[in-house]
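Here the structure is laid out as structure tokens; the discussion comes afterwards.
Predicted model only: the values in this text are computed from it and were never measured. The figures that follow rest on heavy atoms only: side chains count, while hydrogens, waters and symmetry mates do not.
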Amino acid sequence: MPSSTAASAITSDAGTAPAVPATEGAPGRRRLDWLDGLRGIAALVVVFEHSLDVLFPEVRSTASPWFDFGRYGVFVFFLISGYIVPASLERRRSVREFWIGRMFRLYPPWALAAVIGLAVTLGGLAWAPPNGLVEHPWISLLAHLTMLQDLLGVPNVVNVFWTLSYEMVFYLLITALFVVGIRRNGAGAGAGLGFAAGAVLVGIGLPKGVLSAHSGTGTVIGAAVLMAGGLLAVMSGRPAARRCGAVALAGTALVLLAFNNRIGGMESMAIIATMFAGAGVHAVQHRRVRRGPALVMLALVPVLTVAAGVRSALLGPDGGPALPASWGWCIAVGAAWLTFVFGLAVRNRRFPRPLPWLGVISYSVYLLHPPIVQLVWRFVGEVPGRPGVLERIGWAVGLVGCVLAASAVVHRYVELPMQGMGRRLARSTRRTGAAPPEPARSETATSVPASAEPATTEPVRTEPAAEPSSRIDAGSRRN
């Protein structure tokens, strides 16, 4: 897919970034503006997607079948996550420090969003939660604590949480690769190509929810035990235990991905392929791999991913008639790749300041906007008659304003303090020698600023799965 211009955008060396977070306005900080800018755009597109049924049904009925706005935002997020998160693991050179950082970045705002989502739902301000969520509350809680709930047959307490399950699968896989000594981000190009090929060849034929259909509770408990045990093992100082832990983490991730997904095997494999390809782009840009073969593999990833979507569109779901929404997925994924390559090409230019700021708070935007959209839906639905266009635009402006204000507050008073606490805890384990020795590195890692790590690749939208009929609640499946 990338042309010669795109290839030059990927291969031009960005240089070595400073090893410490850059200060606001410094050149090092501006190096990251292109990533934050892309995240800001993706976050706004996701909010727009989830407001369509509420405020702009005309767009839903006309444009959405041919361009999946939610999937576009999601795949931009996945590319960014793949680009930077493995580099974070390389920079830290410690599995323990990496997971401390991830947990303090991801879980605090996630937990707040879950509480708000439940409060809005149980308070009668929105529709009732899916039955599968309340029938077995403790199993639902355990599944959510793993962040693998979307691959464990458990409905998402907030619709957008589904993408975090794929983030977690990616983290488990790169941790396993790191522990067994495959540390080059260049491995991402090969892994991405492998998953993309799998999406084309076997993706459509992979079953959905097989394990949960046989034993829902057993699947959740088994996955939680394997994940917790695997993480403890890879953080130990015993080589044999570390290797066993790596096998447990990778095995759990791959089995759930292939046999217990909800969104379909084709898209599940395409998502992981995209994230590994993002890691490959980082390796090529920082001259850590042979560029010729890596570029060929990277170019094939979006081509095969879109080809898998085209095949699905031609055959339709489960071999049935094709659906326009399938073509919308293909176009959106291709557009996400083009957006990412464009961001790379212009990364050294100044971005309008609102975009990087949106990127900085985008994880909170991603997590907090669904309950706010639900509240707007309720209020708009209580207005007699159908609101006019200008009135709906006014609601949209108010919606975005509320989302941005709430996200800025949560970023300032939840995300930043908890990230600081995580850094202090990681440093304390380093000082006390608690972190186990890592395997010998095969090559020197490129230094990446801590500020470059996305709070998450926060993504949302699509996919019809068996949950409530309303589109945003289909978010457990759609976004």
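For the pairing with Phe75, the ring pair (Phe, Tyr, Trp, His ring centres under 6.0 Å) check across Trp329, Tyr166, Phe340 returns one residue only, Trp329. No option in Gln374, His50, Glu49 other than His50 meets the side chain to side chain donor-acceptor pair (under 3.5 Å) test with His369. Shown are Phe78, Phe170, Trp34; of these, the ring pair (Phe, Tyr, Trp, His ring centres under 6.0 Å) with Tyr83 is made only by Trp34.
In this structure, a donor-acceptor pair under 3.5 Å is absent between the side chains of Ser140 and Gln149. Judged purely by distance below 3.5 Å, without hydrogens or angles, the side chains of Ser51 and Trp395 never pair a donor atom with an acceptor atom.
By the ring-ring contact (aromatic ring centres under 6.0 Å, His included) test, Phe48 pairs with Phe69, sequence neighbours left out. With sequence neighbours excluded, the residues forming a ring-ring contact (aromatic ring centres under 6.0 Å, His included) with Trp110 are Tyr107, Phe161, listed by chain and number.
A 4.5 Å side-chain heavy-atom check between Ser268 and Ile263 finds at least one atom pair inside the cut-off. Annotation: side chain of Arg392 is in contact with side chain of Glu58 (closest heavy-atom distance under 4.5 Å). Looking at Phe195 and Thr274, their side chains never come closer than 4.5 Å, going by heavy atoms from C-beta outward. At least one side-chain heavy atom of Leu254 sits less than 4.5 Å from a side-chain heavy atom of Leu173. With a 4.5 Å cut-off on side-chain heavy atoms, Ile139 and Ile221 count as touching. In this structure the side chain of Ile41 never reaches within 4.5 angstrom of the side chain of Thr339, judged on heavy atoms. Between Leu367 and Val410 the shortest side-chain heavy-atom distance does not fall below 4.5 Å. Within the 4.5 Å cutoff, the side chain of Gln285 has heavy atoms near those of the Leu344 side chain.
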Check against side-chain contact (heavy atoms from CB on, under 4.5 Å), Met275 and Leu79
CA-CA 5 Å; Met275 286 195 276; Leu79 278 164; over 6 Å; no
side-chain contact (heavy atoms from CB on, under 4.5 Å) evaluation trace for Leu300 with Met297
CA-CA 5 Å; Leu300 286 173; Met297 289 188 285; 5.7 Å; no
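The minimum heavy-atom distance linking Pro207 with Asn261 is given by the pair O-ND2, 3.4 Å. Listed here is the closest heavy atom pair of Val160 and Thr163: O-OG1, 3.1 Å. In plain terms, the two heavy atoms of Ile372 and Ala406 that are nearest each other are CD1-CB, 4.5 Å.
No donor-acceptor distance shorter than 3.5 angstrom exists from the side chain of His282 to the backbone of Ile84, with no hydrogens or angles considered. Counting only distance, with no hydrogens or angles, the side chain of Ser362 and the backbone of Gly359 share a donor-acceptor pair below 3.5 Å.
Between Arg262 and Glu267 no salt bridge is recorded (no basic side-chain N to carboxylate O distance below 4.0 Å).
Residue Phe342 places its CZ atom among 12 or fewer non-hydrogen atoms of other residues, nucleotides or ligands, all under 6.0 Å distant.
Taken to the nearest 0.5 Å, the CG atom of Leu257 stands 12.0 Å off from the OG1 atom of Thr252.
Note on ring orientation: taking the six-membered ring where Trp is involved, the planes of Tyr72 and Phe67 are tilted (angle from 30° to 60°).
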